[in-house]
Amino acid sequence: MKGAALVAFAATIGNFLQGWDNATIAGVIVYITDDFDLSSSVEGLVVAMSLIGATVITTCSGGISDWLGRRPMLIASSVLYFVSGLVMLWSPNVYVLCLARLLDGFGIGLAVTLVPVYISETAPSDIRGSLNTLPQFLGSGGMFLSYCMVFGMSLLASPSWRLMLGILSILSLIYFVLTVFYLPESPRWLVSKGRMLEAKKVLQSLRGTEDVSGEMALLVEGLGVGGETSLEEYIIGPADDLDGQETADKDKIRLYGPEEGLSWVARPVTGQGSFVSLVSRQGSLATQNVPLMDLLVTLFGSVHENFPEAGSTRGSMLFSNFGSMFSTADHPRG
């Protein structure tokens, strides 16, 4: 748990830098306007360039992070912060300053988009919600400290707005070192790419325990790795009543109740696959005295894995506790 919390805190430095930059530009824009003699429209553009950059990068950051991984994108965010800070420190004219602000916006967009995703994929479920408050907390903390810095430097005889903006590059170096040498890749992303051994090692490091098989199984099941998922509808009825209908044995799922001799069969619905059409066909079934459990199957586990054919009939004990729901009083056994 401690490892996951530290990793989340290190990743959230990207949000701290976002808050720092937003407050810094708000404090130094007065000095920039006087230095470059800007009109009100250009002044607004200088401030808004980071927002424009963040908006542009967020449109594609999700897809790129699914392709390359969460960690490389966080590293790219720290590099963009660092480069933009250096360019703002230099800034000979307003055009270069706008370019630097655009690069800064790219870094902000990556951090704001991916840090919450990264925390959600690395944090254990019991503290995931608490850790996801860190981005907002550190973002607000960055704004507060930046305002204090601007206030202190404004008391100097000749305040330098370039130095105020350039401090961002120093802070981003800390972020860069942490993303490169400390932050692991998201275990969920590793599982999605089939890199199970790496995901297991990351989880063991984050959880501080060797036994992470349960969480690994949940990741595999949640991502559907190793099988194609599909949505199907089944009709449940006594085995004797449904065995006579034309359904291949490999497509049937046999369910066993706790009562001796009680056996039910789940048969997939062919043809029209909607639940509404399934209900409308109940009246046309040959055996009217058998109340088929359509609603039950639709609600309980109609999403399943397409496993390879392992035999002629698949048995299931998943419904072993549902025997009381299948009352034998209404369905006498022969």
Side-chain angles (χ1 to χ4, degrees), residues 8-29 32 43-66 68-91 94-120 131-150 161-180 183 186:
F9 185 86
T12 316
I13 294 179
N15 298 83
F16 174 87
L17 296 178
Q18 174 219 358
W20 177 280
D21 177 76
N22 289 345
T24 302
I25 192 62
V28 304
I29 190 62
I32 296 174
E43 177 184 343
L45 181 63
V46 171
V47 176
M49 283 303 292
S50 63
L51 300 178
I52 295 173
T55 302
V56 170
I57 201 67
T58 52
T59 60
C60 59
S61 60
I64 297 176
S65 69
D66 288 340
L68 296 177
R70 318 305 189 207
R71 181 172 170 269
M73 301 304 289
L74 294 179
I75 295 175
S77 174
S78 66
V79 172
L80 288 167
Y81 275 130
F82 177 73
V83 173
S84 64
L86 290 181
V87 178
M88 285 188 288
L89 180 62
W90 171 53
S91 294
V94 69
Y95 303 106
V96 175
L97 178 60
C98 286
L99 176 62
R101 297 286 301 157
L102 183 66
L103 294 176
D104 180 46
F106 291 159
I108 290 175
L110 291 177
V112 170
T113 305
L114 297 177
V115 167
V117 174
Y118 182 80
I119 293 176
S120 297
L131 293 182
N132 264 311
T133 63
L134 285 176
Q136 182 63 39
F137 176 75
L138 287 188
S140 301
M143 294 179 68
F144 172 76
L145 294 178
S146 177
Y147 279 127
C148 293
M149 179 271 298
V150 171
W161 61 266
R162 289 181 175 86
L163 182 59
M164 295 180 193
L165 291 174
I167 292 177
L168 177 68
S169 61
I170 301 175
L171 298 176
S172 62
L173 275 178
I174 302 174
Y175 188 36
F176 175 78
V177 171
L178 290 174
T179 54
V180 172
L183 295 186
S186 161

Who passes side-chain hydrogen bond (donor to acceptor under 3.5 Å, both in side chains) against S78, sequence neighbours left out? none
Please list, chain by chain and in numerical order, all residues satisfying side-chain hydrogen bond (donor to acceptor under 3.5 Å, both in side chains) with N22, sequence neighbours excluded. none
CG/L138 to OG1/T133 distance, rounded to the nearest 0.5 angstrom? 9.0 Å
Which one of T12, L74, I75 satisfies the side-chain contact (heavy atoms from CB on, under 4.5 Å) criterion with Y175? L74
Contact check, side chains of Y118 and M73, non-hydrogen atoms, under 4.5 Å: no
Could you list all the salt bridge (Lys or Arg N to Asp or Glu O under 4.0 Å) pairs where at least one residue sits in residues 51-66, not counting sequence neighbours? D66-R70
F137 side chain reached by N15 side chain, heavy atoms, under 4.5 Å: no
Would you say that L165 contacts S91 through its side chain, given a criterion of any heavy-atom pair below 4.5 Å between the two side chains? no
Nearest 0.5 Å, what's the SG-CG distance between C98 and L103? 11.5 Å
List the atom of T59, the atom of V56, and the distance in Å for their closest heavy-atom pair. OG1-O, 2.5 Å
Looking at every heavy atom in both L114 and S61, which two are closest together, and how far apart are they? CD2-O, 4.3 Å
Any donor-acceptor pair under 3.5 Å from T24 side chain to W20 backbone: yes
List the atom pairs, with distances to 0.1 Å, where a side-chain N or O of residues 82-89 and a protein N or O form a donor-acceptor pair under 3.5 Å, not counting sequence neighbours.
from : atom 1 : to  : atom 2 : distance (Å)
S84  : OG     : L80 : O      : 2.9
S84  : OG     : Y81 : O      : 2.9

Give every donor-acceptor pair under 3.5 Å between a side-chain atom in residues 44-53 and any protein atom, sequence neighbours left out.
from : atom 1 : to   : atom 2 : distance (Å)
S50  : OG     : R101 : NH2    : 3.1

For W161, enumerate each residue passing the ring pair (Phe, Tyr, Trp, His ring centres under 6.0 Å) test, keeping only those at least two apart in sequence or located in another chain. F36
For A54 versus I108, what's the shortest heavy-atom pair and its separation? CB-CG2, 4.3 Å
